[in-house]
Amino acid sequence: MTDANNDPAAAPEDGSDGSPRNFIADIVEDDLATGKHQQVVTRFPPEPNGYLHIGHVKAITVDFGLAERFGGRCHLRFDDTNPTKEEQEFVDEIQADIRWLGYDWGEHLYFASDYFEQMYAWAVHLIEQGKAYVDSLSPEEIREYRGNYFNKGKNSPYRDRSVEENLALFQRMRNGEFEEGEALLRAKIDMESGNLNFRDPALYRILKTPHHRTGDTWCIYPMYDFAHGQGDAIEHVTHSICTLEFEDHRPLYDWFLDNLPVPSRPRQIEFARFNLSYTMTAKRKLRQLIEEGRVAGWDDPRMPTVRGMRRRGYPPEVLRDLCERVGVAKRDGIVDVGLMEFVLREHLNRHCQRAMAVLRPLRLVITNWDDGHVEHFEVPNNPEDPEAGTRSVPFGGVLWVDRDDFREQAPRKWFRLAPGKEVRLRSACLVTCNEIIKDEHGEVIELRCTWDPQSRGGRSPDGRKVRGTLHWVSAAHALTAEVRLYDRLFATEDPTKVEEGGTFVDNLNPDSLEVLTDCKVEPSLAALQPEDRVQFERTGYFCADRHDYAADRLVFNRTIGLRDSWAKIEKKNKGGGKGQAKAKAKA
RNA sequence: UCGGGGAUCGUCUAAUGGUAGGACAGCAGCUUCUGGUGCUGCUUAUCAAGGUUCGAAUCCUUGUCCCCGAGCCA
């Protein structure tokens with residue numbers, strides 16, 4: 001106890017690779033240490049019936065991360081046991097998404113359907129052992145016989161058919177001699193079990209639908225419970241990680257391993273599903289949003305799908321880092337979307353080059369500028385990273401600045417443009433607003449300013465305080481761009497919580513998208529590649545749209561805005577009275 | 001009602017009988033040519049009640065609350 005290892009500063013809080021420890025990693029580590037396994041083998045088992053979303057990303061990072069961390073391997077296995085829901089398109093797209101996330105399954109790509117013949121043989125084995133039978137009850141009757149939480153189930157009248165009869169019937173099921181629902185292979189376990197999964201679970205059902213990989217070879221298909229553990233055993237998976245709702249399937253998972261001559265003994269371990277506030281991942285509901293035209297598709301940048309987040313501008317590292325920070329545990333909860341936004345900004349701040357883009361242009365004319373003169377200023381590409389260098393940005397007597405940076409009536413502590421106020425144009429010079437020009441509706445359409453030639457480069461010549469620094473674009477050189485301002489898709493923390501008579505659709509954020517088509521951006525922004533990310537100074541992080549961006553059609557998606565403490569101050573000032581009342585009530 | 005799980009700052013997560021720690025959020029300040037970034041400090045938690053123990057988030061008892069389960073879905 002009192003040896004050198006007791007130094008608290010040296011106490012290891014982390015795993016050997018620096019990632020936080022968790023109960024599953026502890027189990028794996030232990031199994032390796034005791035020699036139970038020589039190598040860890042995990043698997044990620046998606047059903048190819050939809051696109052991957054942020055919830056799947058967590059499972060992927062756990063499955064692949066564990067293998068990576070302990071020098072093992074992770075298989076990608078498609079759980080394709082239900083041809084009525086599954087399609088080849090999804091097996092391709094899911095692979096693309098996982099690769100984009102940065103994971104590699106090498107040659108270990110498998111399909112549950114690869115094992116259909118083996119599973120059929122194992123089903124026959126169970127029949128031969130008297131542990132499975134063909135039931136001829138209708139689906140409705142089976143439900144009635146199963147009972148419920150309150151009542152025990154009762155045995156099917158077909159439960160005691162002879163082995164020979166069951167064998168013959170099962171063969172006839174395979175031959176296609178029965179219609180869907182006419183016959184069902186069930187395990188013979190315990191109709192009175194408190195665990196409903198033990199009440200003679202279905203093993204094989206008849207589905208006369210062609211399968212995307214096996215075609216019409218089969219008209220009977222194994223159920224998830226009869227396929228999953230056996231697939232794990234065939235692949236010598238050591239640790240089969242899944243989410244909490246499979247917890248009471250585990251006894252059944254083990255029952256099959258106990259009663260079948262499987263080649264290895266995997267262990268199922270469950271952890272809590274990943275939930276994010278202001279986000280919803282239910283596949284049916286996401287589909288509904290698309291069908292009702294509330295989002296543009298599965299890759300709409302507001303969608304919590306991997307492809308949606310990719311198009312929005314999320315780097316894969318951010319999604320992986322987020323999952324690591326959230327950790328792995330059995331307690332289910334909702335992760336604050338603010339954590340994801342923090343991880344996002346942290347990454348983007350370090351990696352993105354800066355550029356200047358004016359989203360809502362307002363004309364600014366420098367009255368004491370030599371007519372037609374063009375100056376080039378050196379602007380740092382990334383103040384976080386001096387090695388990113390500088391670029392030359394053209395500057396002239398007519399500029400665009402952001403409307404949000406001007407107020408005719410400056411509020412208290414307003415550092416930006418207003419009549420009589422001096423501000424810095426970033427990396428360029430100091431200008432003072434002398435005059436404002438309005439149109440016939442009284443709207444401000446132009447600011448007349450003078451610049452201080454001593455401030456060339458943006459320095460304050462005499463050390464006078466200039467608090468405000470604004471971004472700008474030279475009007476003569478500006479490019480026009482479309483900018484899509486995305487925000488959270490939902491306005492409420494838990495979008496599934498709805499008022500009486502309402503639906504989750506009522507919780508949509510009406511301002512989740514604003515499209516600006518007349519933005520003015522600096523010329524360098526025409527040289528990006530689709531999916532390139534950039535910070536628009538003082539505004540936020542943006543990416544060149546994966547599909548719509550081209551050198552002659554600039555389209556940017558806002559990934560996330562910069563933190564805006566001014567907006568916070570203004571909000572607080574407006575809500576001041578209310579806050580006081582609240583403080584008083586508390587006292 | 002039955003079976004399975006869970007309960008630690010506002011949120012997520014550590015502590016495996018020995019100082020309740022971290023991250024996010026919040027608050028305050030410093031720095032700053034992005035009201036960005038960075039830095040510093042502060043606030044805040046063991047579901048409840050009993051018990052065992054020198055010592056309990058951890059072990060025991062009782063209770064409370066929450067989640068999952070009645071597909072021929074996964």
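Naming convention: chains lettered A, B, ... in sequence-line order (proteins, then strands); numbering from 1 in each chain.
Among the protein residues, A/K413 comes within range of the nucleic acid bases, having at least one heavy atom under 4.0 Å from a base atom. In this structure, A/W414 reaches the bases: a heavy-atom distance under 4.0 Å links it to at least one base atom across the strands shown.
Residue-to-nucleotide proximity on RNA chain B shows that, of A/S455 and A/D336, the 5′-proximal contact is made by A/D336.
Partners of A/R407 by side-chain hydrogen bond (donor to acceptor under 3.5 Å, both in side chains), not counting sequence neighbours, listed by chain and number: A/E570.
Base pairing in RNA chain B gives the following stems of 3 or more Watson-Crick or G-U pairs, range against range and under 3.5 Å: B:2-7 with B:64-69, B:10-13 with B:21-24, B:26-30 with B:38-42, B:47-51 with B:59-63.
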Mind listing the N/O atom pairs, protein and nucleotides 40-46 of chain B, below 3.5 Å?
none

Under 3.5 Å between N/O atoms: give me all the protein pairs with nucleotides 36-39 of chain B, atom names plus distance.
residue, atom, partner, partner atom, Å
B/rG36, OP1, A/S565, OG, 2.9
B/rG36, N2, A/E384, OE2, 2.9
B/rU37, O2', A/N349, ND2, 3.1
B/rU37, O2', A/E384, OE1, 3.0
B/rU37, O2', A/E384, OE2, 3.0

For nucleotides 28-30 of chain B, give me every protein contact, N/O to N/O, under 3.5 Å, one pair per line with atom names.
none

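In this structure, the nucleotide among B/rG35, B/rU16, B/rA14 sitting nearest to the side chain of A/A329 is B/rA14.
Contact annotation: A/K330 side-chain N/O to B/rA7 OP1/OP2 distance is not under 4.0 Å.
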*If the sugar-phosphate is the primed atoms plus P, OP1 and OP2 and the base is the rest, what is the B/S/- string for nucleotides 68-74 of chain B, using protein heavy atoms under 4.0 Å?*
SBBSBSB
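A salt bridge is defined here as a Lys NZ or Arg NE, NH1 or NH2 lying under 4.0 Å from an Asp or Glu carboxylate O, and A/R21 with A/E29 meets this definition.
Its glycosidic angle being more than 90° from 0, B/rG69 falls on the anti side.
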